[in-house]
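As the structure is a computational prediction, the values presented were derived from the model and not from experiment.
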Amino acid sequence: MKPLDIDLSGFGKELEDVFALEEAVKKEVVKKDTEGSSASEKQQPKVLSQQRITVIEIVIKKFDKSPETLRDAILNADTNVLTKDSLYEVKSLFPAKSFDEEKQLMTAYTGDPSELIRPEKYIREIILIPRVNNKLNVLLFMLEYTEKLDDSKKNLQLMLDAADELKLPKTLKVLELALAVGNYINSGGKGAKQATLGIKIGSLVKMSEVVSKRTKGFNLLHFVVKMMYKDYPQLLTFPVEVRSVDPAANAFGAFDTDFGYLEKGLNQVKSEIEACKEDVDAKLKSKLLNVELVLSKELSVMNEKKKKLTEAMVSFGEAANTNIAEFFQQWAKFIELFEKSIKWHEAQKKKEQEMKKKEDQLAKKKAELEAMKAAAGEKDAAEESAGGADKPGWQKKLKKRGSREFNKDDKNTEGALSHMDDFFDEPTERQNEDVPTKKIVKKKIVKK
């Protein structure tokens with residue numbers, strides 16, 4: 001057969017790409033990847049250990065910026081490039097235990113920086129920035145402090161609101177009443193000649209621990225609430241007016257942490273401002289000066305408000321160094337116990353109402369029975385007076401049959417009346433007919 005005179009050289013590559021087996025394509029891809037990786041593996045670290053390079057590679061995979069771009073962003077305080085997440089990642093590249101050693105290694109390296117592998121380039125560009133750790137800290141603080149400041153102001157205001165609520169007339173009246181009861185007990189019921197002029201919040205909480213020996217579950221706080229039910233019902237709603245107290249007890253911990261963070265950050269900002277060089281750190285210094293101005297003013301205002309909290313505690317008999325959180329926690333506990341006392345009284349009131357309802361039902365049934373007995377007695381008396389000597393036939397028959405004679409005063413009047421039909425039948429027509437008299441017929445005697 002004569003070979004075909006067709007040239008397919010121009011279509012060979014396309015045929016292979018379109019119709020080649022999948023395994024062949026995969027082998028080609030793997031071959032290229034292997035060649036690329038082997039080329040990369042030929043690059044050995046110049047300064048750092050291979051183990052350290054592995055750790056750095058994991059971190060820098062998250063960066064989409066070159067080492068040089070990242071370095072310039074730090075020097076210029078460029079928050080458009082730097083984010084909180086990226087700054088945390090950069091900080092993780094420099095553990096404290098190896099920072100000084102790696103800085104010395106990079107400083108001592110005199111070779112061509114372009115020959116360093118990528119992880120080493122990142123470390124070198126950043127670690128050689130003057131005071132890089134301080135810069136990273138203040139940059140991170142610049143991105144976080146506004147949020148922390150807002151949270152601190154909200155929590156502080158919440159505590160101030162709670163302190164104001166505790167000075168409302170109802171709350172003070174509750175304290176006055178509790179103090180009067182306490183003075184009465186402490187004086188042995190002989191009056192208040194040596195009365196205490198104030199009461200601490202801790203004493204209010206302990207009122208629930210003074211229990212009655214006569215009434216189970218009844219304590220001194222229950223007694224105070226009982227007095228309110230009787231003479232001061234308007235005071236029972238005082239917990240509604242102090243709703244900020246419980247959140248304030250939890251707010252102080254967060255406020256204290258954030259406030260401490262802000263104070264520490266401000267000190268770092270001031271230190272970095274003093275260390276900044278006009279030529280290299282001009283942009284960073286300008287931004288830090290603005291942060292210092294704003295934050296110093298805000299912290300000063302908050303410190304003045306904190307003094308008001310201390311004054312509020314002292315007004316309630318607490319020491320000036322009393323922990324603010326503990327102060328509000330004690331109040332929150334008292335309010336909780338007060339509300340439980342109200343619930344206890346409401347439960348007792350409900351029980352009393354249920355008991356009274358049952359008693360009323362029993363009294364009603366008893367009255368109905370008495371009325372029925374009285375009606376039956378009146379009926380029997382009327383029948384006796386109307387009949388006179390001619391007693392009804394059914395009473396005569398009752399006596400004749402050996403049954404007890406009916407007594408109108410008998411306690412079982414109703415029973416007697418109900419069983420009356422068992423002894424007597426209704427008269428029939430036959431009974432009402434005249435019974436014919438028997439005729440005596442004399443029979444004739446026939447003699448046989």
Side-chain angles (χ1 to χ4, degrees), residues 141 144-179 182 196-210 219-221 224-225 235 237-268 295-343:
F141 180 75
E144 290 183 335
Y145 90 94
T146 52
E147 181 180 351
K148 298 288 186 182
L149 181 61
D150 289 342
D151 291 341
S152 296
K153 291 165 69 174
K154 289 178 182 178
N155 287 326
L156 180 58
Q157 189 58 50
L158 181 61
M159 290 186 285
L160 290 170
D161 290 343
D164 289 339
E165 290 174 359
L166 293 177
K167 296 178 182 179
L168 291 174
K170 280 188 181 180
T171 307
L172 297 178
K173 190 66 177 179
V174 170
L175 293 181
E176 182 182 345
L177 189 58
L179 178 61
T196 304
L197 299 179
I199 186 170
K200 290 187 176 181
I201 181 59
S203 300
L204 292 175
V205 174
K206 290 181 180 179
M207 292 184 77
S208 63
E209 300 175 6
V210 182
N219 59 49
L220 190 57
L221 186 55
V224 173
V225 173
L235 300 183
T237 58
F238 107 88
V240 178
E241 298 185 1
V242 289
R243 286 304 183 195
S244 298
V245 172
D246 187 54
N250 299 321
F252 181 78
F255 167 78
D256 196 42
T257 300
D258 291 340
F259 192 81
Y261 171 83
L262 292 171
E263 286 186 320
K264 181 181 178 181
L266 180 59
N267 290 331
Q268 289 178 336
L295 192 54
S296 296
K297 183 179 178 180
E298 293 288 354
L299 291 181
S300 177
V301 172
M302 285 197 286
N303 273 319
E304 290 299 318
K305 290 183 177 180
K306 283 176 66 179
K307 291 180 182 179
K308 292 184 178 180
L309 288 177
T310 303
E311 293 172 0
M313 291 192 302
V314 173
S315 69
F316 284 102
E318 305 295 333
N321 61 350
T322 301
N323 184 277
I324 298 175
E326 184 178 347
F327 172 74
F328 284 119
Q329 286 168 1
Q330 290 275 37
W331 264 107
K333 182 64 177 177
F334 172 69
I335 295 169
E336 179 186 359
L337 292 171
F338 187 89
E339 290 179 324
K340 285 183 178 180
S341 296
I342 292 177
K343 290 180 180 179

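Residue pairs meeting the salt bridge (charged side-chain N to carboxylate O under 4.0 Å, His left out) criterion with at least one member in residues 300-322, sequence neighbours excluded: E304-K307.
Take Q157 and apply the side chain to side chain donor-acceptor pair (under 3.5 Å) test, not counting sequence neighbours, and it matches D161. With sequence neighbours left out, the side chain to side chain contact (heavy atoms under 4.5 Å, CB included) criterion links S203 to I199, K200. Partners of S244 by side chain to side chain donor-acceptor pair (under 3.5 Å), not counting sequence neighbours, listed by chain and number: E165. For T237, the side chain to side chain donor-acceptor pair (under 3.5 Å) partners at least two apart in sequence or on another chain are K170. For K154, the salt bridge (charged side-chain N to carboxylate O under 4.0 Å, His left out) criterion is met by no residue, not counting sequence neighbours. The side chain to side chain donor-acceptor pair (under 3.5 Å) test applied to E339 returns R243, not counting sequence neighbours. Annotation: salt bridge (charged side-chain N to carboxylate O under 4.0 Å, His left out) contacts of K343 (sequence neighbours excluded): none.
To the nearest 0.5 Å, atom CG of residue L235 and atom OG1 of residue T171 are 9.5 Å apart. The line from NZ of K340 to CG of L337 is 6.5 Å long, rounded to the nearest 0.5 Å. In this structure, CE on M207 lies 6.0 Å from CG on L221, to the nearest 0.5 angstrom. Atom CG of residue N303 and atom CG of residue L156 lie 9.5 Å apart, to the nearest 0.5 angstrom. The structure places CG of L160 at 11.5 Å from CE of M302, a figure rounded to the nearest 0.5 Å. In this structure, CE in M313 is found 8.0 Å from CG in N321, a value given to the nearest 0.5 Å.
Closest approach of T310 and A320 over heavy atoms only: CG2-O, 3.5 Å. In plain terms, the two heavy atoms of F338 and P239 that are nearest each other are CD2-CG, 3.6 Å.
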Atom pairs and distances, side-chain donor-acceptor, residues 323-335, under 3.5 Å, sequence neighbours left out:
| residue | atom | partner | partner atom | Å |
| --- | --- | --- | --- | --- |
| N323 | OD1 | A325 | N | 2.9 |
| N323 | OD1 | E326 | N | 3.0 |

Return a table of donor-acceptor pairs under 3.5 angstrom between the side chains of residues 247-263 and protein atoms on other chains or two or more places apart.
| residue | atom | partner | partner atom | Å |
| --- | --- | --- | --- | --- |
| T257 | OG1 | G253 | O | 3.1 |
| Y261 | OH | E144 | OE1 | 2.7 |

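Of the possible polar contacts, none joining the S300 side chain to the S296 backbone as a donor-acceptor pair under 3.5 Å is found.
When I201, L204, L175, T322 are each tested for a side-chain contact (heavy atoms from CB on, under 4.5 Å) with F316, only one passes: L175.
Contact check for S315 versus K167: side-chain heavy atoms found under the 4.5 Å cut-off.
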